[in-house]
Amino acid sequence: MAEDTRLTPQSEDFSAWYNEIVQQAELAGHSPVRGCMVIRPYGYRIWELMQADLDARFKRTGHQNAYFPLFLPLSALEKEAEHVEGFAPETAVVTRGGGKELEEPLVVRPTSEAIIWPIVADWIQSYRDLPMLLNQWANVVRWELRTRPFLRTTEFLWQEGHTAHATAEEALEETRSMLGVYRAFMEETMAMPVVTGEKTPGERFAGAERTFATEALMRDNRALQAGTSHYLGQNFARAFEVQFQTEEGEHDYVFNTSWGVSTRLVGGLIMTHGDDQGLVVPPRLAPHQVVVVPIWKDEDQRVLVLEAAERLRSVLAGELRVHVDARDTLNPGAKFYEWERKGVPLRVEIGPRDVARQQVVAVRRFTPEGEERKRFLGEAEAIAVLPRLVDAIQAELRDAARQRREAHSVRGLDDYGTFRERMEGEGGFVYAGWCGSEACEAKAKEDTGATIRVLPDEEFRSDPSPGRCLVCGEAAAAEALWARAY
RNA sequence: CGGGGCGUGGCGCAGUCCGGUAGCGCACCUGCUUUGGGAGCAGGGGGUCGCCGGUUCGAAUCCGGCCGCCCCGACCA
């Protein structure tokens, strides 16, 4: 049986490992419609915990939630030229309704700028109505050609922030600020370190003037774009007539931003922390932070041990998400494997011997160098120690992920041949110069599959900064972060 | 959308070449014994063999079309 359910090792076939983990950790499954996935309760719980954390951050920064419709008139999408060009090829369009051909086709939103701004335009009259700071939790549909669970699905869940401001400076500040919120969430809550920076013109959101992103490095050394934040200038305001009266009595178009993260983050979480034993969920996003596995031999022991387990659970319930696995259809070993596969941060074993000694056994899912995987804790001690241990694991996962990223990042590389070898071999992040031409970007992609993920923000840049373009050898206009990406 | 692979109980597969009415492991149900790293024995339930059509006395198997999934590329959160 052990043989039948073992995961393909990451080193052997990372894609197979990923697909198996999605199935075996009961995160998601297939649906009858191509490219669509069913998010199962365990996977959805992780998303809910992400949502709760992000939503609190959005509210703390002054944003309000609203909800706009799933459908938008085709004509609305077509109002912003670049926007429609970017999204039209991947939209689903409804042409029939109620058994009749529709007068105007309805687009299933691929993103909501084109439905939000025509409506919100009426909410904004004066500079006093600004800034307008909105967010919505929604599903969107993009008819992708190739899908993978969580990473790219035809329908996906996300949040999309949409804001309007009186000045360009303020809108740009918002764009930057929300990128910072994403970064904080990813590092603090997901324990997933990211590099922030600006996208090159070729990688911009359709209709945006500037696009910023967070990029994370997955365990197969490919990059994942985890979140994006766009400065839209007045492009959408002009297209959708979003004007306001200034303090001086003039009329002007608002300056917009939009920003989003999606269920793709669940994929990022899997590929940042998971190992050959299965999923590893950082405690802040773990559906169960502690699973108690009771161990017994007879009915008397069962009662005693379950009492002790329940006692521990109820004392900790205010601080930790604790689950007691009281199933009598599986023996303890089987439960150990199951919860490891599902990435539960801490397992607590309570057997007859422990009850007699008034102790519990705490076993970590993730153990860094120098830490004990298994600890024996007195019952009272456990109540104090377990919450601290959970916090420590959160930090250790983040540190380990950062170390892994740094171990697979190189700087100062200026030889194109070496770059090609690296991208075809181990992969990872390469910080190197870029002359600013789309031709060099395209050539690198053609030769190696690698793209410029971002032009990194200052704190991520190298010292000294690269002098020459990695591809053509001409003077570098900027430092770029290159990688093969999902 | 191009190249490659694959669709058979919930999962993983055999059977397909050479047509004869579906089988194995795991999972599931019942009972007993078990339970500190994937339990054992006994009994049992579950599949129009991806879909549609054709050939045939007879199709999982042969032929045609379609759909879906996986991997690699181009598009993308």
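Naming convention: chains lettered A, B, ... in sequence-line order (proteins, then strands); numbering from 1 in each chain.
Applying the salt bridge (charged side-chain N to carboxylate O under 4.0 Å, His left out) test to pairs two or more places apart or on separate chains, none has a residue in residues 281-294 of chain A. Listed by first and then second residue, the salt bridge (charged side-chain N to carboxylate O under 4.0 Å, His left out) pairs involving residues 271-283 of chain A are D275(A)-R365(A) (not counting sequence neighbours).
Of the residues W434(A), W482(A), Y431(A), the one that meets the ring pair (Phe, Tyr, Trp, His ring centres under 6.0 Å) test with F419(A) is W482(A).
With rG36(B), rC71(B), rA77(B) as the candidates, the nucleotide lying closest to the side chain of R148(A) is rC71(B). Ranking rA77(B), rC71(B), rG38(B) by closeness to the S15(A) side chain, first place goes to rC71(B). In the set rG36(B), rG37(B), rA77(B), the nucleotide with an atom closest to the side chain of V363(A) is rG37(B). Distance from the side chain of K297(A) is smallest to rU35(B) among rC75(B), rG38(B), rU35(B). Distances were taken from every side-chain heavy atom of P352(A) (C-beta onward) to each of rG37(B), rG36(B), rG38(B); the shortest belongs to rG36(B). The side chain of I295(A) sits closest to rU35(B) out of rU35(B), rA77(B), rG38(B).
Taking only side-chain nitrogens and oxygens, R142(A) never comes nearer than 4.0 Å to OP1 or OP2 of rC75(B). Residue K199(A) places no side-chain N or O under 4.0 Å from the OP1 or OP2 atom of rA77(B). For R146(A), a side-chain nitrogen or oxygen approaches OP1 or OP2 of rC72(B) to under 4.0 Å. When the side-chain nitrogen and oxygen atoms of N19(A) are compared with OP1 and OP2 of rC71(B), one or more of them lie within a distance under 4.0 Å.
Residue-level contact check: G35(A) touches the backbone only, with heavy atoms under 4.0 Å from sugar-phosphate atoms and none from bases.
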Would you mind building the protein contact string for nucleotides 5-12 of chain B? One character per nucleotide, 5' to 3', B for base within reach (heavy atoms under 4.0 Å), S for sugar-phosphate only, - for untouched. --------
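Annotation: rA27(B) and rG68(B) have their C1' atoms spaced 25 Å apart (nearest Å). Rounded to whole Å, the separation between the P atoms of rU55(B) and rU61(B) comes to 15 Å. The C1' atoms of rU34(B) and rG40(B) are separated by 8 Å, rounded to the nearest whole Å.
In this structure, R264(A) forms no cation-pi arrangement with F156(A), as its terminal cationic atom is not both closer than 6.0 Å to the ring centre and no more than 45° off the ring axis.
Of the nucleotides present, rC1(B) is the one that pairs with rG73(B) by Watson-Crick or G-U wobble criteria, both distances under 3.5 Å. Searching all strands for a Watson-Crick or G-U wobble partner of rC62(B) with both distances below 3.5 Å returns rG54(B). In this entry rC41(B) has rG31(B) as its Watson-Crick or G-U wobble partner, both defining distances falling under 3.5 Å. The partner of rC6(B) is rG68(B), by the rule that a Watson-Crick or G-U pair needs both atom distances under 3.5 Å. Figure legend. rC24(B) is base-paired to rG12(B); pairs are counted as Watson-Crick or G-U wobble with both atom distances under 3.5 Å.
The six-membered or imidazole ring of W259(A) lies near that of F58(A), with a centre-to-centre distance under 6.0 Å.
The aromatic ring of F336(A) does not sit over the base of rG37(B); the criterion of centres under 5.5 Å apart with planes under 30° is not met.
Using cut-offs of 30° and 60° for the angle between ring planes, the H288(A) and W339(A) rings count as perpendicular.
Between the CD atom of E349(A) and the P atom of rG38(B) there is a distance of 12 Å, given to the nearest Å.
Heavy-atom neighbours of E85(A) CD from other residues, nucleotides or ligands within 6.0 Å: at or below the threshold of 12.
Ion pairing of E173(A) with R176(A) is absent here, as no side-chain N (NZ or NE/NH1/NH2) approaches a carboxylate O to less than 4.0 Å.
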